[in-house]
Amino acid sequence: MVGVIADLKMIGLHPFHCAGNKYVAAAVDGAETFAVVLPALSGQQSIEQTLALCDGLMFTGSPSNVEPHHYSGPGSAPGTLHDPARDATSLPLIRAAIDAGVPVFGICRGFQEINVALGGTLHQKVHEVTGMLSHREREEDPLEVQYGPAHEITIVPDGKLAGWYQPGLVTVNSLHNQGVQQLAPAAQVEAIAPDGLVEAFSVKGARSFAFAVQWHPEWQFANSPLSVAMFKAFGDACRQRRAEKEK
Ligand SMILES: N[C@@H](CCC(=O)NCCCC(=O)O)C(=O)O
């Protein structure tokens with residue numbers, strides 16, 4: 001069973017706990033797990049119970065930004081979308097899950113959350129940093145273009161990702177404004193963009209799968225051998241966790 005973290009977002013006049021279908025579909029069809037959506041209840045639900053019930057956790061992308069006070073960053077630009085309930089739910093859950101050896105997979109915002117949860121910081125607007133590329137999508141483009149190939153990354157040799165897939169160059173999509181500024185001390189670089197931005201990391205010494213990517217492997221994952229390899233590795237780690245609990 002994989003818990004897919006929800007956003008808390010307003011639909012009309014009411015707040016809803018929402019998770020993107022493509023993340024749930026990738027957990028079910030890509031990782032071959034049983035997915036449940038975890039409400040962003042800001043710790044109201046026990047972390048211990050969550051970790052007892054879930055064999056893995058997926059921290060998904062979201063249009064909202066991690067609030068900068070979580071990493072002592074400068075205030076967000078006016079109008080920036082935040083999701084304090086998701087921050088309050090995800091950040092302590094990430095730390096507890098990694099400590100407990102529960103597999104954790106972070107995607108885009110989830111990648112940024114894990115970096116912050118482990119003591120790293122973020123650029124809020126990578127495209128405004130001298131020497132950095134724009135990693136944003138064009139919102140006026142059709143989805144196929146927004147989630148289409150955007151830039152190369154270099155998968156570092158001898159890392160987890162190189163073992164699941166292969167080292168070297170691969171092209172990924174890119175739909176983010178924020179990015180890693182200071183990488184968390186426990187994070188190990190797994191892939192970088194041409195401008196040096198960290199695009200994937202694993203957690204050093206983690207007891208299980210603890211891996212995050214800045215791009216979107218869930219998008220039409222079956223068409224990408226790299227995505228298939230990552231979701232297989234995540235699903236295998238979740239099954240191993242379940243088997244260990246059932247001993
Ligand atoms: N808001 C953060 C993270 C961006 C992100 O996760 N984008 C994807 C949103 C839609 C989806 O879930 O595919 C940033 O701008 O860096």
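Remember, it's 1-based here, ligands and their atoms both numbered in the order they're listed. The first residue in the sequence is number 1, and the count goes up from there. Keep in mind that the numbers below use all heavy atoms, side chains included, and drop hydrogens, waters and symmetry copies.
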Undergrad: Are Phe34 and Val28 close enough, and set up right, to give a side-chain contact (heavy atoms from CB on, under 4.5 Å), and what steps lead you there?
TA: CA-CA 6 Å; Phe34 183 96; Val28 172; over 6 Å; no
Undergrad: For the hydrophobic clusters of this structure (ILVMFWY residues joined by side-chain heavy atoms under 4.5 Å, transitively), does one cluster hold both Val116 and Leu57?
TA: no
Undergrad: Have a look at Gly61, Gly20, Ser62 and point out the one with the heavy atom closest to atom 4 (C) of ligand 1.
TA: Ser62
Undergrad: Classify the contact between Tyr147 and ligand 1 as side chain, backbone, both or neither, using a heavy-atom distance cut-off of under 4.0 Å.
TA: side chain
Undergrad: Which residue and atom name correspond to the protein heavy atom nearest atom 15 (O) of ligand 1, and how close is it?
TA: Asn177 N, 3.0 Å
Undergrad: Can an N or O of Pro63 be found at a distance shorter than 3.5 Å from an N or O of ligand 1?
TA: yes
Undergrad: Please report the interatomic distance CD(Gln188) to CG(Leu161), rounded to the nearest 0.5 Å.
TA: 12.5 Å
Undergrad: Counting only heavy atoms not in Phe16, do more than 12 fall under 6.0 Å of its CZ?
TA: yes
Undergrad: In terms of residue, atom name and distance, what is the protein heavy atom nearest to atom 2 (C) of ligand 1?
TA: Asn65 OD1, 3.4 Å
Undergrad: Regarding atom 8 (C) of ligand 1: of the candidates His216, Arg109, Glu218, which has the closest heavy atom?
TA: His216
Undergrad: Please identify which atoms of ligand 1 are closer than 4.0 Å to at least one heavy atom of Lys22.
TA: 11 (C), 12 (O), 13 (O)
Undergrad: Is there a polar contact between ligand 1 and His176, counting only N or O atoms under 3.5 Å apart?
TA: no
Undergrad: Arg136: heavy atom below 4.0 Å from ligand 1, yes or no?
TA: no
Undergrad: Above 12 or not: heavy atoms from other molecules or residues under 6.0 Å from CG of Asp158?
TA: no
Undergrad: In terms of hydrophobic clustering (I, L, V, M, F, W, Y; side-chain heavy atoms under 4.5 Å; direct or indirect links), are Phe105 and Val203 co-clustered?
TA: no
Undergrad: How about Arg109 and Ser64: does a side-chain donor come under 3.5 Å of a side-chain acceptor?
TA: yes
Undergrad: With atoms numbered from 1 as shown, which atoms in ligand 1 lie under 4.0 angstrom from a non-hydrogen atom of Tyr23?
TA: 11 (C), 12 (O), 13 (O)
Undergrad: For Leu175, which part has a heavy atom under 4.0 Å from ligand 1: side chain, backbone, both, or neither?
TA: backbone
Undergrad: Can you check whether Phe111 and Trp215 have ring centres sitting under 6.0 Å from each other?
TA: no
